[in-house]
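Residues: numbered from 1 along the sequence shown. The shown structure was predicted, so the numbers you read here are calculated from the model rather than taken from an experiment. Computed over heavy atoms, backbone and side chain alike; hydrogens, waters and symmetry mates excluded.
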Amino acid sequence: MAVGAKLHLSSAARRPTLPQLLAVALLCSASYLAGVWHHGGGFTAAPSAAAAGGSPSPVSIATTSSVACVSPTPAAPLDFAAHHAADEAEAKVAPARRAYGACPAKYSEYTPCEDVERSLRFPRDRLVYRERHCPAEGERLRCLVPAPKGYRNPFPWPASRDVAWFANVPHKELTVEKAVQNWIHVEGDKFRFPGGGTMFPHGAGAYIDDIGNLIPLHDGSIRTALDTGCGVASWGAYLLSRNILAMSFAPRDSHEAQVQFALERGVPAMIGVLASNRLTYPARAFDMAHCSRCLIPWQLYDGLYLIEVDRILRPGGYWILSGPPINWKKHSKGWQRTREDLNAEQQAIESVAKSLCWKKIKEVGDIAIWQKPTNHIHCKALRKVAKSPPFCSNKNPDAAWYEKMEACITPLPEVSDIKEVAGGELKKWPQRLTAVPPRIASGSFEGVTAEMFNEDTKLWKKRVGHYKSVVSQFGQKGRYRNLLDMNARFGGFAAALAGDPMWVMNMVPTIGNSTTLGVIYERGLIGNYQDWCEGMSTYPRTYDLIHADSVFSLYKDRCEMDTILLEMDRILRPEGTVIIRDDVDLLVKIKSVADGMRWNSQIVDHEDGPLVREKLLLVVKTYWTLGDEKQ
């Protein structure tokens, strides 16, 4: 009992009395009121957005915090005013944001890795000087490439296939040199593209119909095509209506701006040349390759250039040749060459094609077509007798970034039956767009399953839907035609846009998992390898929209951020759009640089909401040209 009484008395002694409670309450209230008065500047209520005539911003940033208690009264509005800003004197000495000026007028058509002046330092032999030769660090331009005076947005597709503004590509050389071949005409302030070509005087459409009478162009089995020495890309332009997507390339040479004309028309094209390096595509990429008087010496250098075409052709793919030496009996006088010379050239080409185990399908009029075998069972058996060219050994068939060509056949994947298609048979277009590509289905793509591929396809449909909700003109017909995906992975962004009147150049960075470019081609899409610390092989102002998913995270330790941003600006049209997807901290840094490049930009939330660290930086390039006062 004594212990219990002691505990009871101790507890009672600790219980606060009523006066003590009242005193504590008064002190707390006084402290609270003093704090509100000090931090809030008084008790005047801040007006609401509605009362002030404002409206909520479309961009919201959510914040979270933990609190010790919840007040039953509404929280005071946050004060966003700067109370510790630098004064005017301090601002004069603070470092200013860098503003990038305009490059001199002579750089209006600057292509950094195919610069005409720099190319003269390199050997003329086999056109090596026309390959990629990028500037050293000290030679890079740190300015904005200007558009020519009078530049206007291109005509919307499909009108752009046939007409372009003269001011955008102010060159008349081709209109004079190719006048009788119906390549291009000048009509007032416009260029007109009649669809003609050296070997298709009746137009590209009729020429393609002639090819379609020899091989199946209309059943979806042929989807990807390569046009070597493309001119103004009329062949590729007219294939689009047949659901065939052509990658056209030509060097930057005396045929001034031919690739630039192609892109101005809304047709996929890049600067490129067959010289000493492999073409920048993976093995087994194209269903069809084409040369119409492209003047490539197929028979020389041990057939090296045809061997390279063999590498990038799919099993069962076609090679089409028109122009010299085909139908030389009819054209020898017009070509100003002897019949003996032309006959010898054709025999040499036939011999190279035979050594590659190609089968000649047809030669009708001015067109000859060969077909690559669907596997190499017979070809390897023949190598026991005819040993030249040998099969390549221990060389990655997909490696093509500054990789030298070799006079050896790239072996096709092994098969167990003569009727089997090496590497796996593709679905016909359009089913092949969403079907699991053979490179993934076979398990040869390490770490990627069919389920992962299908999830990626669904993810990009969702993401593109979000893009269309935050970029109001994305879904507007004719607003965008030429799109560039700087980090395409499996081509999900392009696949999600396949039903829209636009095309996507899918670039796969060489520092990442570059083997995904083969998957992109198996889906019936096109693309290229690229190191974004270097310039892209295209002319200025050739893309309407650029998509950059995690590009800056990928390159943050490899080259300066503005190196990539300035290249993006070079290839983006005035009033073009950029969508950059990356971590929010990195986007803030990107925006700080972009704000000095005459870009208008805004950070918006991820498609899954504001709590996701990855966000989008939306950019619109402002319109300005040579001679503007802003320079």
* Determine whether the side chains of Asn528 and Thr280 contain a donor N or O and an acceptor N or O closer than 3.5 Å. => yes
* State, to 0.1 Å, how close Pro135 and Tyr110 come at their nearest heavy-atom pair, and which atoms those are. => CG-OH, 4.1 Å
* For side chain to side chain contact (heavy atoms under 4.5 Å, CB included), just list the numbers for Val612 and Asp605, CA-CA rounded to whole Å, side-chain angles, deciding distance to a tenth of an Å, and then say yes or no. => CA-CA 8 Å; Val612 181; Asp605 287 328; over 6 Å; no
* Is the closest basic N to carboxylate O distance between Asp531 and Arg132 below 4.0 Å? -> no
* Backbone N/O of Asp189 and side chain of Trp165: donor-acceptor pair under 3.5 Å -> no
* **Main-chain N/O of Asn506 paired to Asp485 side chain as donor or acceptor, under 3.5 Å** => no
* Can you establish whether the number of heavy atoms outside Glu403 located under 6.0 Å from its atom CD is more than 12? => yes
* Sub-4.5 Å side-chain heavy-atom contact between Tyr529 and Arg278 -> no
* To do: Report yes or no: do Gln260 and His171 form a side-chain donor-acceptor pair below 3.5 Å?
  => no
* Asked: Do other residues, nucleotides or ligands put more than 12 heavy atoms under 6.0 Å from Tyr107 OH?
  -> no
* Check SG atoms, Cys294 and Cys230, less than 2.5 Å apart -> no
* **Student check: side-chain heavy atoms of Lys621 and Val578 closer than 4.5 Å** => no
* Asked: Is the side chain of Glu567 donor-acceptor paired with the backbone N or O of Trp532 at a distance under 3.5 Å, no angle test?
  -> no
* **Tyr100 side chain to Asp562 side chain, donor-acceptor N/O pair below 3.5 angstrom** => yes
* Arg581 side-chain N/O to His547 backbone N/O, donor-acceptor pair under 3.5 Å -> no
* Would you say Arg130's side chain and Ala275's backbone share a donor-acceptor pair under 3.5 angstrom? -> no
* Asked: Considering all heavy atoms of both residues, which atom of Asn168 and which atom of Gly150 are nearest to each other, and what is their separation?
  -> OD1-O, 4.4 Å
* Can you tell me how far CD1 of Ile296 sits from OG1 of Thr228, rounded to the nearest 0.5 angstrom? -> 4.0 Å
* Can you check whether His606 reaches His466 side chain to side chain, under 4.5 Å on heavy atoms? -> no
* Asked: Would you call Ile211 and Phe200 a side-chain contact if the rule is heavy atoms closer than 4.5 Å?
  -> no
* May I ask you to decide whether Asp582 forms a salt bridge with Lys556, counting only side-chain N to carboxylate O separations under 4.0 Å? => no
* Asked: Any salt bridge between Glu131 and Arg118, counting N to O under 4.0 Å?
  -> no
* Asked: Could you state the interatomic distance from CZ (Arg489) to CG (Asp456), rounded to the nearest 0.5 Å?
  -> 8.0 Å
* Report, as yes or no, whether the 6.0 Å neighbourhood of atom NZ on Lys461 holds more than 12 heavy atoms from other residues, nucleotides or ligands. => no
* To do: With salt bridge (Lys or Arg N to Asp or Glu O under 4.0 Å) as the test, would you mind laying out the steps for Arg598 and Glu575 before giving the verdict?
  => CA-CA 10 Å; Arg598 309 187 195 187; Glu575 300 182 316; over 6 Å; no
* Is Arg463 close enough and on-axis enough to Trp460, meaning under 6.0 Å and within 45°, for cation-pi? -> yes
* To do: For Tyr281 and Ile312, indicate whether the former's side chain and the latter's backbone hold a donor-acceptor pair under 3.5 Å.
  => no
* For the pair Asp585 and Lys589, find out whether any cationic side-chain nitrogen is under 4.0 Å from an anionic carboxylate oxygen. => no
* Nearest-0.5 Å distance, CG of residue Leu586 to NZ of residue Lys591 -> 14.5 Å
* Minimum heavy-atom distance between Leu239 and Met288, given as atom pair plus value -> CD1-CE, 4.4 Å
* Asked: Can you find a side-chain donor-acceptor pair between Tyr151 and Arg573 that sits under 3.5 Å?
  -> yes
* With a 4.5 Å heavy-atom cut-off, do Val145 and Arg541 have their side chains touching? -> yes
* To do: Please list all pairs passing the ring-ring contact (aromatic ring centres under 6.0 Å, His included) test where one or both residues lie in residues 563-591, with sequence neighbours left out.
  => none
* Backbone N or O of Leu433 within a donor-acceptor pair of the Arg223 side chain at under 3.5 Å? -> no
* Asked: Regarding Ser550 and Asn487, is there a side-chain donor-to-acceptor distance under 3.5 Å anywhere?
  -> no
* Asked: So do the side chains of His185 and Pro194 get within less than 4.5 Å of each other, counting heavy atoms only?
  -> yes
* Asked: Hey, mind stepping through Arg252 and Asp115 against salt bridge (Lys or Arg N to Asp or Glu O under 4.0 Å) and telling me if it holds?
  -> CA-CA 9 Å; Arg252 181 163 187 173; Asp115 181 62; over 6 Å; no
* To do: Please test Leu226 against Leu279 for side chain to side chain contact (heavy atoms under 4.5 Å, CB included), starting from the C-alpha separation and ending with a verdict.
  => CA-CA 11 Å; Leu226 180 70; Leu279 297 174; 4.1 Å; yes
* Find out whether Leu565 and Phe552 are in side-chain contact, i.e. whether some heavy atom of one side chain is under 4.5 Å from a heavy atom of the other. => yes
* To do: Kindly compute the distance separating CE (Met507) from CD1 (Ile520), expressed to the nearest 0.5 Å.
  => 10.0 Å
* Just wondering, do Pro574 and Thr625 contact through their side chains at under 4.5 Å, heavy atoms? -> no
* Asked: Does the side chain of Thr434 pick up a donor-acceptor pair with the side chain of Arg523 at under 3.5 Å?
  -> no
* Charged N to carboxylate O below 4.0 Å: is that the case for Lys462 and Glu607? -> no
* Asked: Quick one: is the NZ or CZ of Arg161 closer than 6.0 Å to the six-membered ring centre of Phe193, and within 45° of its axis?
  -> no
* Asked: Would a distance-only check, ignoring hydrogens and angles, find a side-chain to backbone donor-acceptor pair under 3.5 Å from Lys615 to Pro610?
  -> yes
* Residues Arg242 and Asp209 bridged, charged N to O under 4.0 Å -> yes
* Trace of the side chain to side chain contact (heavy atoms under 4.5 Å, CB included) decision for Tyr555 with Thr563 -> CA-CA 11 Å; Tyr555 281 91; Thr563 297; over 6 Å; no
* Asked: Will you find, in the side chains of Glu114 and Ser119, an N or O donor that is under 3.5 Å from an N or O acceptor?
  -> no
* Structure fact -> With His290 as partner, the option from Tyr238, Tyr318, Trp235 fulfilling ring-ring contact (aromatic ring centres under 6.0 Å, His included) is Trp235
* With a 3.5 Å cut-off and no angle check, do the side chains of Asn600 and Thr622 form a donor-acceptor pair? -> no
* Asked: Taking the side chain from Asp544 and the backbone from Arg481, do they hold a donor-acceptor pair closer than 3.5 Å?
  -> yes
* Asked: Say you draw a straight line from CZ of Phe261 to OH of Tyr539; how long is it, rounded to the nearest 0.5 Å?
  -> 9.5 Å
* To do: Look at the side chain of Gln530 and the backbone N and O of Met486, then say whether any donor-acceptor pair between them is shorter than 3.5 Å.
  => no
* Return the minimal non-hydrogen interatomic distance between Pro540 and Ser108, and the atom names on each side. => CG-O, 3.5 Å
* Asked: Just wondering, more than 12 heavy atoms not from Arg558 lying within 6.0 Å of its CZ?
  -> no
* Distance, nearest 0.5 Å, that separates OH of Tyr207 from CD1 of Ile320 -> 6.5 Å
* To do: Hey, can you tell me if Phe474 and Tyr480 have their rings parallel, tilted or perpendicular (30° and 60° cut-offs)?
  => perpendicular
